Amino acid sequence: MSRSTTSPQSRARRAALLAIPLAVGILGVSVAPAQAAPVQHTTAPLTCRGEAVDPAAKIKYRTEAVITAPLSTIWRLQTDVARWPSWQAPVTSMKRLDPGPLRPGSRFRWTTPAPPTETTPDTTLTITSTVHQLQHGKCVRWSGPAIGEGLRIDNGVHVWNFTKVRGGVLVRTEETWTGAQVEADVPTATRYLGAGLEAWLGDLKAAAEADPCHHRDDR
């Protein structure tokens with residue numbers, strides 16, 4: 001549809017979507033959407049203890065990478081959520097809502113900035129995540145909304161899998177988004193989701209491979 005025939009409502013929805021470094025939001029990373037494109041996967045969804053992402057979601061992305069670091073290092077970085085800000089700069093605050101190691105039922109609340117657009121203000125997104133399934137060293141699945149002034153994802157469901165392979169660990173991740181605002185422009189929202197997941201995985205790889213425990217041979 002050309003610019004001249006786009007309704008004000010459609011322009012407003014699209015502008016709101018363009019404020020979604022909701023890769024910043026649910027994902028906690030801020031990157032340009034052009035850095036990643038939607039990927040179609042024919043394999044079964046990733047699962048953790050038999051539970052997957054939202055099968056009815058219109059917005060979905062999956063990616064993977066081999067990280068040359070011990071599984072224990074990768075697992076610690078990913079599940080010690082209180083320390084996310086130390087290796088994910090866009091995570092501006094993090095608060096565990098319960099004590100102890102991450103486990104099913106654990107909740108954590110974190111924030112990340114979102115820039116202004118023509119229709120949305122400079123705002124801070126607040127994400128409250130709940131862990132639903134976790135198998136130590138194998139997988140974790142959580143979900144939660146991302147909410148800011150003029151910005152909202154009703155629910156993001158995120159699954160991470162970790163598998164030892166020759167030379168390191170295969171880390172696979174898949175996420176879905178639902179909500180009227182993001183579903184108003186599925187291709188754009190999917191590009192942002194994809195960009196965010198690619199960046200998060202890249203940050204995890206960089207942090208794990210630079211970690212002092214990198215050379216410990218527990219792989």
Side-chain angles (χ1 to χ4, degrees), residues 23 25-29 41 43-55 57 60-91 93-110 112 127-146 155-177 193 196-219:
I26 287 291
L27 302 178
V29 283
H41 293 277
T43 56
L46 298 181
T47 62
C48 187
R49 294 193 176 277
E51 297 296 327
V53 293
D54 186 343
K60 179 185 299 183
Y61 193 89
R62 176 173 169 175
T63 190
E64 62 186 46
V66 173
I67 299 179
T68 308
L71 174 59
S72 60
T73 297
I74 299 166
W75 181 259
R76 171 176 49 81
L77 286 167
Q78 186 70 325
T79 60
D80 186 1
V81 299
R83 295 184 61 83
W84 279 1
S86 71
W87 57 273
Q88 296 191 74
V91 180
S93 73
M94 168 65 74
K95 181 180 181 180
R96 281 290 305 270
L97 301 181
D98 40 55
L102 208 66
R103 61 192 182 279
S106 292
R107 299 171 69 243
F108 49 98
R109 181 170 295 128
W110 40 302
T112 189
I127 306 98
T128 303
S129 299
T130 301
V131 176
H132 301 289
Q133 287 80 30
L134 182 147
Q135 185 175 0
H136 185 83
K138 298 290 186 181
C139 64
V140 60
R141 176 180 177 270
W142 62 66
S143 70
N155 196 36
V157 183
H158 203 166
V159 176
W160 290 83
N161 284 182
F162 307 84
T163 306
K164 291 183 181 181
V165 296
R166 183 180 296 275
V169 177
L170 174 63
V171 180
R172 297 180 293 166
T173 183
E174 185 172 26
E175 184 169 2
T176 53
W177 285 351
L193 173 57
L197 285 184
E198 297 289 352
W200 191 338
L201 189 56
D203 284 345
L204 179 60
K205 179 178 174 70
E209 293 181 354
D211 191 276
C213 295
H214 175 100
H215 298 291
R216 187 177 56 189
D217 188 15
D218 65 351
R219 289 172 281 171

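Everything quoted here is computed from the prediction, not taken from an experiment.
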One thing to verify: whether K205 and D203 come together as a salt bridge, which I'm taking to mean a side-chain N less than 4.0 angstrom from a carboxylate O.
no
Check for a donor-acceptor pair, side chain of R83 on one end and backbone N or O of W87 on the other, with a separation under 3.5 Å.
no
I'd like to know if the side chain of R141 reaches the main chain of A52, judged simply by a donor and an acceptor atom lying under 3.5 Å from each other, with no hydrogens or angles considered.
yes
Between W200 and H158, what is the ring plane arrangement, given parallel below 30°, perpendicular above 60°, and tilted in between?
perpendicular
Find out whether L197 and L201 are in side-chain contact, i.e. whether some heavy atom of one side chain is under 4.5 Å from a heavy atom of the other.
no
Is any side-chain heavy atom of V171 closer than 4.5 Å to a side-chain heavy atom of F162?
yes
With rounding to the nearest 0.5 Å, note down the distance linking OG1 in T63 to CD in E175.
12.5 Å
Spacing of W160 atom CH2 and W142 atom CH2 [to the nearest 0.5 Å]
6.5 Å
Hey, what do you get for CD (E209) to CG (L204), rounding to the nearest 0.5 Å?
9.5 Å
Enclosure of R103 CZ (heavy-atom neighbours >12, cutoff 6.0 Å)
yes
What's the spacing between S143 OG and H132 NE2 if we round to 0.5 Å?
2.5 Å
For T47, does its backbone N or O pair with a side-chain atom of N161 as donor and acceptor, under 3.5 Å?
yes
If we ignore hydrogens and angles and just use 3.5 Å, is the side chain of T173 paired with the main-chain N or O of V159 as donor and acceptor?
yes
Heavy-atom check, side chain of W84 versus side chain of Q78, under 4.5 Å:
yes
Looking only at heavy atoms, the pair that brings A208 and I67 closest together is CB-CG2, 3.8 Å
What's the shortest heavy-atom distance between P101 and R96, and which atoms?
O-NH2, 4.0 Å
Quick one: closest heavy-atom pair of V157 and V53, and the distance?
O-CG1, 3.6 Å
Quick one: does E174's side chain have a donor or acceptor within less than 3.5 Å of a partner on L46's backbone?
yes
For residues A146 and I127, report the shortest heavy-atom separation together with the two atoms involved.
CB-CG1, 3.8 Å
Between T176 (side chain only) and D54 (backbone N and O only), is there a donor and an acceptor less than 3.5 Å apart?
yes
